[in-house]
Amino acid sequence: MTLFLALVIVAIVLGLIGATADGLLFLLFIGIAVLVADLVYIAMRARRSARHRPAR
């Protein structure tokens, strides 16, 4: 969970810098890519943990 939160913070910071700084639009796209990769990571982790839970 710490990795997830750290990557979300990095994505937000890169997105803000890319959106506000002149000529650094590529940072916005990198921030979006990091956010998408982070969401895929957490979805895969949630899916894997749901399969491994024992049935009661």
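Hydrogens, waters and symmetry mates are skipped; everything else that's a heavy atom, side chains included, is used.
Note that the CZ atom of Phe4 and the CG atom of Leu39 stand 6.0 Å from one another [nearest 0.5 Å].
In this structure Leu3 satisfies the side chain to side chain contact (heavy atoms under 4.5 Å, CB included) test together with Leu7, Tyr41, sequence neighbours excluded. Partners of Leu27 according to the side chain to side chain contact (heavy atoms under 4.5 Å, CB included) rule, which considers only residues two or more places apart in sequence or in another chain, are Leu14, Ile17, Leu24, Ile30.
The two residues Ala11 and Gly31 have their closest heavy-atom pair at CB-O, 3.4 Å.
Among Leu28, Val34, Leu35, the one residue that satisfies the side-chain contact (heavy atoms from CB on, under 4.5 Å) test with Ile32 is Leu28.
Cluster membership check: Leu16 shares its hydrophobic cluster with Leu5, using side-chain heavy-atom separations under 4.5 Å among Ile, Leu, Val, Met, Phe, Trp and Tyr.
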